[in-house]
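Only this structure's heavy atoms are used, side chains among them; waters, hydrogens and symmetry mates stay out.
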4 protein chains.
Amino acid sequence: MEYSEKKVQIMEAAEQLFAEKSFDGTPVRDIADKAGVNLAMISYYFGSKEKLLEALFNYRAETGILKMESMLLDKSQTSLQKVNALIDFYIDKFQNQTCFHKIMSREQLHNQRNEIAVLIQQFKKRNQELVKQLILEGQKKGEFKKNIDIPLMMATLIGTVSHLVTTQHFYKEINNLQSLSDDEFKIHIKKKLSHHLKFLFKAILTHEA
Amino acid sequence: MEYSEKKVQIMEAAEQLFAEKSFDGTPVRDIADKAGVNLAMISYYFGSKEKLLEALFNYRAETGILKMESMLLDKSQTSLQKVNALIDFYIDKFQNQTCFHKIMSREQLHNQRNEIAVLIQQFKKRNQELVKQLILEGQKKGEFKKNIDIPLMMATLIGTVSHLVTTQHFYKEINNLQSLSDDEFKIHIKKKLSHHLKFLFKAILTHEA
Amino acid sequence: MEYSEKKVQIMEAAEQLFAEKSFDGTPVRDIADKAGVNLAMISYYFGSKEKLLEALFNYRAETGILKMESMLLDKSQTSLQKVNALIDFYIDKFQNQTCFHKIMSREQLHNQRNEIAVLIQQFKKRNQELVKQLILEGQKKGEFKKNIDIPLMMATLIGTVSHLVTTQHFYKEINNLQSLSDDEFKIHIKKKLSHHLKFLFKAILTHEA
Amino acid sequence: MEYSEKKVQIMEAAEQLFAEKSFDGTPVRDIADKAGVNLAMISYYFGSKEKLLEALFNYRAETGILKMESMLLDKSQTSLQKVNALIDFYIDKFQNQTCFHKIMSREQLHNQRNEIAVLIQQFKKRNQELVKQLILEGQKKGEFKKNIDIPLMMATLIGTVSHLVTTQHFYKEINNLQSLSDDEFKIHIKKKLSHHLKFLFKAILTHEA
DNA sequence: AATGAATGAGAATTCATTCAT
DNA sequence: TATGAATGAATTCTCATTCAT
């Protein structure tokens with residue numbers, strides 16, 4: 001599948017609406033309106049609403065993995081530096097693609113759309129495999145402890161970032177940060193979160209603490 | 001609102017279906033069928049599908065807070081012990097009310113149903129307030145460090161537990177634990193998760209570690 | 001399935017429209033309008049347009065076979081008399097349920113709707129079996145010849161009646177019978193057709209001619 | 001209208017699909033796909049889907065009549081021989097152009113597409129006229145009886161052949177002829193049918209028998 | 001209090017046709 | 001002449017809700 005301009009328009013409109021109002025809560029008509037295309041184009045291009053969601057997943061997934069791979073292959077850095085880079089990478093990913101990650105989080109909550117579930121499963125497996133290599137490398141070099149439960153560790157990474165990003169309006173309110181602009185707030189959260197997670201990961205992974 | 005037997009039947013049927021297939025993905029007819037009641041009963045009792053969801057939230061929220069309060073008021077325990085109890089409390093809550101927490105997680109991802117959003121907001125505020133008291137108490141007693149970002153810490157607690165519980169089928173597969181029964185697996189996860197989070201919280205909160 | 005008044009209304013409206021404009025050529029909306037019911041009632045009652053067609057087939061088939069059975073069991077008549085009665089029975093059936101038989105003829109022309117094809121197959125098998133008994137009986141009694149190809153004979157019976165009834169407007173024109181009222185014409189055709197087929201069947205079945 | 005290669009491709013694809021799934025049940029897109037031409041070509045060449053059906057009728061009708069005329073003009077044969085030739089002609093026509101005859105049978109069942117109805121009417125009139133000449137000729141020569149109802153007779157000819165050919169899968173099953181190849185079965189039917197109809201027509205037309 | 005029947009609004013999708021090139 | 005893209009209308013079906021009883 002190649003991504004013509006129209007297709008991308010549609011996928012991006014769908015992404016925003018699915019994030020806001022959920023897949024089932026979004027009429028195809030609204031996607032068409034938002035994308036500024038004819039209603040029938042969506043079936044014409046993607047076949048169905050569900051296939052559109054699949055296309056969106058493939059579209060977004062394509063780029064993600066590559067970035068991560070190149071990052072982890074960098075030989076000039078220690079394993080801990082790479083882990084720290086990984087943390088920042090995840091924070092950026094969630095902050096810059098909030099819509100997509102909301103959709104993905106929601107899809108992980110049920111098994112309704114099997115094609116999507118399979119895509120996510122594959123996606124997660126590949127990610128986890130890369131992280132595993134990184135941890136093993138650190139362990140070989142003696143930087144990291146033995147016996148690290150990677151899925152548990154990833155749950156903390158992804159869970160913390162995801163939860164904070166998706167409930168950031170609440171965080172804003174509770175910490176009286178309503179005066180900050182969206183960008184300022186984003187930077188604020190990024191900094192806090194980065195420091196917090198790097199601290200936790202150092203505790204999880206290294207002998208010192 | 002009192003909870004007649006029929007009402008509870010309906011809410012529990014709705015809870016399961018909303019968890020599996022989302023609010024918008026669940027027809028009222030299916031709820032009626034699952035609950036074994038007449039379709040019209042649901043509008044009749046709750047007014048609308050959305051009001052039913054609100055009722056469910058109130059029903060589930062009522063109990064949660066009380067347990068937590070009594071737990072945190074126990075004077076015979078150190079602050080760290082209370083934090084550890086809090087961790088186990090959250091794990092239990094998510095594991096035993098997976099359906100409800102899936103719904104709540106999903107609702108936090110969007111702002112569709114405002115009434116619900118407000119309920120969740122209040123709910124989280126009260127919880128956070130209780131936790132704040134606990135942390136302050138620990139800080140006063142010198143058990144805990146200063147400058148603890150409570151929302152960040154809670155994001156790690158809730159995020160990690162939530163992510164792991166809602167994607168546990170993935171965890172099962174990645175760790176080759178398919179042979180375990182559901183109950184065995186639950187216990188397995190609970191133990192791992194409890195240890196992991198207690199370790200992290202010790203690092204976050206205390207001077208040692 | 002019981003046949004409530006509304007259901008029968010819908011089935012009869014559908015029958016006329018399907019006969020006139022074919023199944024695929026008839027919008028459900030038109031059926032609803034003709035039956036004087038709400039559009040959604042059709043899905044509500046029958047599940048789908050196709051299920052409605054199935055229901056119609058079952059509704060019409062139920063009665064047909066019974067009549068035929070009782071007719072063929074009559075012991076007071078010779079086999080040839082029964083064959084003659086059978087001929088008149090078929091003529092009546094096609095003349096009085098023209099709509100239904102148009103639909104059935106059309107469905108036999110393709111294998112689109114499998115459920116229907118199966119129903120027709122069963123229907124024809126039962127009919128043919130009854131006719132076979134009748135012929136065998138006549139052969140035993142020495143009234144009829146040996147070596148009668150029953151499907152071929154039935155093709156002539158059904159084919160002739162069906163073709164004439166479904167193209168009767170053409171017959172009317174070609175024979176300059178436009179002045180006859182519908183009822184007069186019906187009687188005219190019935191008489192001609194009956195005589196014609198009885199003559200043919202006598203030739204097919206008996207030794208004399 | 002001349003028949004370019006592309007046009008014939010399209011008409012033949014349409015013929016097969018209309019036979020299988022009916023006019024209304026066949027999307028223009030499917031015809032284009034089957035014919036291996038661009039979707040827009042069909043409107044471009046024929047104007048509309050309905051005009052395509054008309055074109056197909058004209059295309060098929062052109063040849064039929066001519067053959068029949070030449071056959072009936074043969075002076076070297078008795079009238080009964082010509083009638084027998086006519087019977088075989090019809091059997092061949094239905095067997096070799098099953099698709100087209102299915103479509104025509106279906107179109108005769110309703111009055112939806114008026115242009116087509118008129119074409120069929122004309123077609124049948126010309127055919128009947130030719131047959132009438134043949135019968136009159138036989139009557140003049142004293143070969144045939146007086147008072148022959150030609151439309152009735154034609155109904156038996158066309159009805160029997162048409163019914164048997166369009167329901168031959170049923171005939172196959174009922175007579176346990178599933179082992180025969182399509183070609184063997186075709187020959188088998190042709191022989192049986194030919195003999196059957198010639199016998200019937202002899203009875204209808206001649207004094208003996 | 002409880003329910004079977006009914007309904008209007010809106011859902012996704014398909015369709016034949018047209019248009020710009 | 002030929003076509004890929006586009007579209008408006010219409011299709012079937014589902015939905016939450018209401019009404020008469």
Side-chain angles (χ1 to χ4, degrees), chain A residues 4-7 9-10 14 23-32 35-53, chain B residues 4-7 10 14 23-32 36-53, chain C residues 2 4-7 9-10 14 23-32 35-53, chain D residues 4 6-7 10 14 23-32 36-53:
Chain A
S4 73
E5 206 185 338
K6 275 267 164 78
K7 272 191 181 173
Q9 269 173 54
I10 294 169
F23 179 83
D24 288 305
T26 304
V28 181
R29 184 175 298 275
D30 289 4
I31 301 171
V37 302
N38 182 283
L39 171 62
M41 285 265 47
I42 288 170
S43 298
Y44 178 70
Y45 266 141
F46 297 95
S48 70
K49 190 185 174 187
E50 194 156 337
K51 292 261 182 66
L52 163 59
L53 181 60
Chain B
S4 73
E5 204 186 339
K6 282 245 166 114
K7 274 191 179 173
I10 293 169
F23 180 82
D24 289 305
T26 303
V28 181
R29 185 176 294 275
D30 288 5
I31 301 170
V37 303
N38 183 281
L39 171 63
M41 288 256 44
I42 289 171
S43 298
Y44 180 69
Y45 266 146
F46 297 93
S48 72
K49 190 185 175 186
E50 195 157 333
K51 291 263 182 63
L52 163 59
L53 181 61
Chain C
E2 341 89 60
S4 72
E5 206 185 338
K6 275 267 163 78
K7 271 190 181 174
Q9 269 174 53
I10 294 169
F23 180 83
D24 288 305
T26 304
V28 180
R29 183 176 299 277
D30 289 5
I31 301 171
V37 301
N38 182 283
L39 172 62
M41 285 265 47
I42 288 171
S43 299
Y44 178 70
Y45 267 141
F46 297 95
S48 71
K49 190 184 172 186
E50 195 156 335
K51 291 261 183 64
L52 162 59
L53 181 59
Chain D
S4 73
K6 281 248 166 108
K7 273 192 180 174
I10 293 169
F23 179 83
D24 289 304
T26 303
V28 181
R29 186 176 294 275
D30 289 5
I31 301 171
V37 303
N38 183 281
L39 171 63
M41 287 256 43
I42 288 171
S43 298
Y44 181 68
Y45 265 146
F46 296 93
S48 73
K49 189 185 175 185
E50 196 156 334
K51 292 262 182 63
L52 162 59
L53 181 61

Tell me the interatomic distance from [X], atom [atom1], to [N], atom [atom2], rounded to whole angstroms.
X	N	atom1	atom2	answer
Glu5(A)	dA5(F)	CD	P	14 Å
Leu53(A)	dT13(E)	CG	P	12 Å
Asn38(C)	dG10(E)	CG	C1'	13 Å
Ile10(D)	dT1(F)	CD1	C1'	13 Å
Met41(A)	dA9(F)	CE	P	17 Å
Ile42(B)	dG4(E)	CD1	C1'	15 Å
Ile31(B)	dT14(F)	CD1	C1'	15 Å
Lys51(B)	dA16(F)	NZ	P	16 Å

Angle by which the axis turns from one end of the helix from dA2(E)-dT21(F) to dT21(E)-dA2(F) to the other, five pairs per end, to 10 degrees: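 Rounded to the nearest 10 degrees, the bend comes out at 30°.
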Annotated protein contacts, base or backbone, on nucleotides 16-21 of chain E with a non-hydrogen cut-off under 4.0 Å, one of B, S, - each: SBB---
From OG (Ser48(B)) to NZ (Lys51(B)), nearest 0.5 Å: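 Going from OG on Ser48(B) over to NZ on Lys51(B), the span is 5.0 Å.
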side-chain N/O Tyr45(D) vs dA2(F) OP1/OP2, d < 4.0 Å: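 Yes, within the criterion.
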Qualifying residues under side-chain contact (heavy atoms from CB on, under 4.5 Å), relative to Ala32(D), sequence neighbours excluded: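 Ala32(D) satisfies side-chain contact (heavy atoms from CB on, under 4.5 Å) with Val37(D), Leu39(D), Ile42(D) once adjacent residues are dropped.
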Minimum heavy-atom distance Lys49(D)-Phe23(D), with the two atoms named: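 Scanning both residues, the minimum pair turns out to be NZ-O, 2.9 Å.
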Ala35(A) to Ile10(A) - nearest heavy-atom pair and separation: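 Ala35(A) and Ile10(A) have their closest heavy atoms at CB-CA, 3.9 Å.
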Ile31(C) vs Leu52(C) side-chain heavy atoms within contact, under 4.5 Å: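 Ile31(C) vs Leu52(C): side chains touch.
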